[in-house]
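All values below were derived from every heavy atom in this structure, side-chain atoms included, with hydrogens, water molecules and symmetry-related copies excluded. Start at 1 and go down the list; that is how both ligands and their atoms are numbered.
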Amino acid sequence: MKDVLAELERRRDQARGGGGERRVGAQHAKGKLTARERIDLLLDADSFEEFDMFVAHRAVDFGMADERPAGDGVVTGWGTINGRLVYVFSQDFTVFGGSLSETHAQKICKIQDMALQNGAPVIGLNDSGGARIQEGVASLAGYAEVFQRNVDASGVVPQISVIMGPCAGGAVYSPAMTDFIFMVDGTSYMFVTGPDVVKTVTNEVVTAEELGGAATHTRRSGVADGAFANDVEALAEIRRLFDFLPLNNRDGVPTRPFFDDPDRVEPALDTLIPGNPNQPYDIKELIRRLADEGDFYEIKPDFAGNMVTGFLRLEGRTVGVVANQPMVLAGVLDIDSSRKGARFVRFCDAFDIPILTLVDVPGFLPGTAQEYGGVISHGAKLLFAYGQATVPKVTVITRKAYGGAYDVMSSKHLKGDFNYAWASAEIAVMGAKGAVEILYRGEAGDPDKIAARTREYEDRFANPFVAAEKGFVDEVILPRNTRRRVARAFASLRRKRQDRPWRKHDTMPL
Ligand code: HXC
């Protein structure tokens with residue numbers, strides 16, 4: 001018996017050693033942690049239970065039969081984050097560059113299946129050279145098996161990808177089908193084809209960092225939801241995000257003790273809106289003042305800044321917030337902000353997370369770039385997502401709500417449950433200046449007349465009362481009381497049920 005136990009320990013040590021000291025040293029020299037060090041930081045202490053530690057590949061070509069490291073380049077299993085169940089895979093770059101073989105894929109599929117069966121999220125830590133070159137099509141098949149499970153789990157359990165090294169070629173499509181992608185500055189990149197292929201095909205010269213580094217995907221493409229300075233910070237922030245998320249689509253949002261009075265009055269909000277309607281203010285100030293303990297987890301902070309998305313808690317329960325940001329492009333809706341908002345609203349609706357919408361929107365951004373880029377379809381995504389969402393929806397119009405953008409931003413007409421407006425709200429088909437220029441074109445040469453007409457239009461429409469008279473706004477509220485009003489509204493909606501007609505699925509404008 002003793003010998004067998006010793007043999008088990010020997011084998012475990014070997015598996016835990018990954019690709020050996022030299023390669024672990026190289027990994028550390030790049031500023032990266034190993035697959036197991038990452039799991040240790042991600043999960044609660046001593047909570048990790050490993051699967052398939054001794055799985056080895058079955059390839060024989062290219063001398064592979066002689067090199068069969070235990071674990072085959074990925075560490076998989078389950079554990080807890082602040083006591084809540086989660087399944088994890090962590091690719092080990094020190095073993096064949098973390099490349100994906102048939103058996104490596106089978107290990108990932110096993111925990112994806114377990115997560116779906118047991119209703120718990122999957123977190124993937126990606127650090128891989130892509131398809132195991134020695135295995136060819138068996139590796140491609142493995143990827144497709146993982147992809148299919150990403151699709152099957154979508155909207156059932158949250159899926160989070162953290163890119164902590166290379167992620168290239170078709171391999172990017174597994175993270176792309178998960179709910180959130182996070183990256184690490186300077187050590188991670190994602191692209192479908194690398195710099196060499198780009199040079200050959202398009203003659204463009206570009207570095208891996210420029211093509212698919214964290215800055216590219218968090219600022220330009222919007223593929224990634226956030227980036228962190230290093231592995232340690234990334235894993236700590238994933239733990240923080242995890243605390244906001246439901247375990248699956250049936251459990252509802254997590255609740256936790258709260259020490260912040262839901263009736264907290266915020267007198268400073270009464271002066272948040274500047275006297276001049278064209279002057280910006282920071283909508284995140286309002287978000288933080290509404291949130292329990294001011295805790296706000298922002299999603300995609302560096303992309304489409306004119307729209308703010310993220311999670312907060314009210315009475316200890318997660319709420320998704322979508323807000324126009326007057327500080328960036330005056331808070332207009334455009335292609336990127338519509339995509340960003342739509343994706344977030346769909347995530348919240350899929351996982352039963354109530355949605356708070358804060359509106360200060362002057363309309364859609366005009367211009368050829370927007371029209372040629374398909375703002376019609378992209379704007380429709382946000383409209384569709386709101387119209388489709390059956391979770392509790394509470395809306396607060398702080399200032400501008402103009403034109404089609406008024407309709408889109410969780411209006412009463414899209415089955416908003418509570419639609420509040422501050423007294424500073426201006427709900428109209430368009431801004432006074434633009435309206436007067438169209439209505440009184442003949443008086444354009446007379447600035448006094450135009451000024452008088454503008455004042456007249458503002459007096460008539462630049463307020464919340466026209467909409468309130470029609471019941472499109474349920475109540476005009478004092479800014480200082482917004483936290484209490486919103487918290488009470490969500491509390492009253494906890495048992496909301498809204499059925500939608502049967503269909504296989506909708507045909508949303510993707
Ligand atoms: C097998 C691989 C590998 C791979 C790396 N290694 N990628 N082994 N299959 N795909 C091994 C290396 O041989 C090396 O082994 C170790 O991992 C570390 O690699 P290095 O090149 O020394 O590391 P580094 O300089 O950091 O470069 C990392 C890299 C590079 C940029 C990822 O290794 C690379 O370009 N790899 C190939 C990438 C690729 O073309 N993959 C296939 C893409 S096609 P030793 O023993 O020396 O430590 C694809 C299709 C997926 O992925 C389709 C899905 C639908």
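Contacts between A131 and ligand 1 below 4.0 angstrom, taking non-hydrogen atoms only, involve backbone and side chain alike. Within the 4.0 Å heavy-atom criterion, the part of L140 lying near ligand 1 is the side chain and not the backbone.
With respect to atom 23 (O) of ligand 1, the closest heavy atom belonging to the protein is F93 CZ, 3.7 Å. Counting only heavy atoms of the protein, atom 16 (C) of ligand 1 lies nearest to G97 N, 3.9 Å. Among protein heavy atoms, atom 48 (O) of ligand 1 sits closest to R23 NE, 2.6 Å. Remark: minimum distance from atom 29 (C) of ligand 1 to any protein heavy atom is reached at Y189 OH, 4.4 Å. Nearest protein heavy-atom contact of atom 8 (N) of ligand 1 is F96 O, 3.5 Å. Scanning the protein heavy atoms around atom 54 (C) of ligand 1, the nearest turns out to be Y143 CD1, 3.4 Å.
Of all atoms in ligand 1, numbered sequentially from 1 with element shown, those under 4.0 Å from a heavy atom of Q134 are 1 (C), 9 (N). Per-residue contacts place G130 under 4.0 angstrom from the following atoms of ligand 1 (heavy atoms of the residue considered): 52 (O).
F228 and A234 get closest at one heavy-atom pair: CD1-CA, 3.5 Å. Pairing each heavy atom of C109 with each of E145, the nearest pair is SG-CB, 3.7 Å.
At a 4.0 Å cut-off, not a single heavy atom of G169 sits close enough to ligand 1 to count as contact. Distances shorter than 4.0 angstrom do not occur between any heavy atom of F62 and any atom of ligand 1.
Atom 26 (O) of ligand 1 lies below 4.0 Å from at least one non-hydrogen atom of the protein. The protein reaches atom 10 (N) of ligand 1 closely, with a heavy atom under 4.0 angstrom from it. For atom 35 (O) of ligand 1, no protein heavy-atom neighbour is found at a distance under 4.0 Å. Distance check on atom 21 (O) of ligand 1: every protein heavy atom falls at or beyond the 4.0 Å cut-off. Under the 4.0 angstrom criterion, atom 31 (C) of ligand 1 counts as having a protein heavy-atom contact. Atom 39 (C) of ligand 1 is approached by the protein to below 4.0 angstrom, counting heavy atoms only.
Side-chain atoms of H378 and Q370 form no donor-acceptor pair, as typed in the model, at a separation below 3.5 Å. One side chain, Q325 or D282, offers a donor N or O that lies under 3.5 Å from an acceptor on the other. Between the side chains of D52 and Q106, no donor-acceptor pair is found at a separation under 3.5 Å.
With contacts defined as side-chain heavy-atom distances shorter than 4.5 Å, the pair H28/E37 qualifies. Using a 4.5 Å cut-off on side-chain heavy atoms (C-beta onward), R16 and T34 make no contact.
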Given ring pair (Phe, Tyr, Trp, His ring centres under 6.0 Å), test F191 with H217 step by step and report yes or no.
-> CA-CA 10 Å; F191 36 66; H217 288 309; 8.4 Å; no
Start with the C-alpha distance between F89 and F51, add both sets of side-chain angles, then the distance that settles ring pair (Phe, Tyr, Trp, His ring centres under 6.0 Å), and finish with yes or no.
-> CA-CA 10 Å; F89 71 86; F51 283 138; over 10 Å; no
Derivation and outcome, salt bridge (Lys or Arg N to Asp or Glu O under 4.0 Å), residues D72 and K107 = CA-CA 9 Å; D72 203 27; K107 286 183 65 173; over 6 Å; no
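Polar contact with ligand 1: present for G129 (N/O pair, distance under 3.5 Å). For ligand 1, the polar-atom distance check against K30 finds a nitrogen or oxygen pair separated by under 3.5 Å.
Geometrically, K32 engages F93 in a cation-pi contact, judged by NZ or CZ lying under 6.0 Å from the ring centre and within 45° of the ring axis.
Taking all heavy atoms of G19, S99, G170 into account, the minimum distance to atom 4 (C) of ligand 1 is reached by S99.
A salt bridge does not link D292 with R317: every distance from a Lys NZ or Arg NE/NH1/NH2 to an Asp or Glu carboxylate oxygen is 4.0 Å or more. We find that D13 and R10 are not joined by a salt bridge, their nearest charged nitrogen and carboxylate oxygen being 4.0 Å or further apart.
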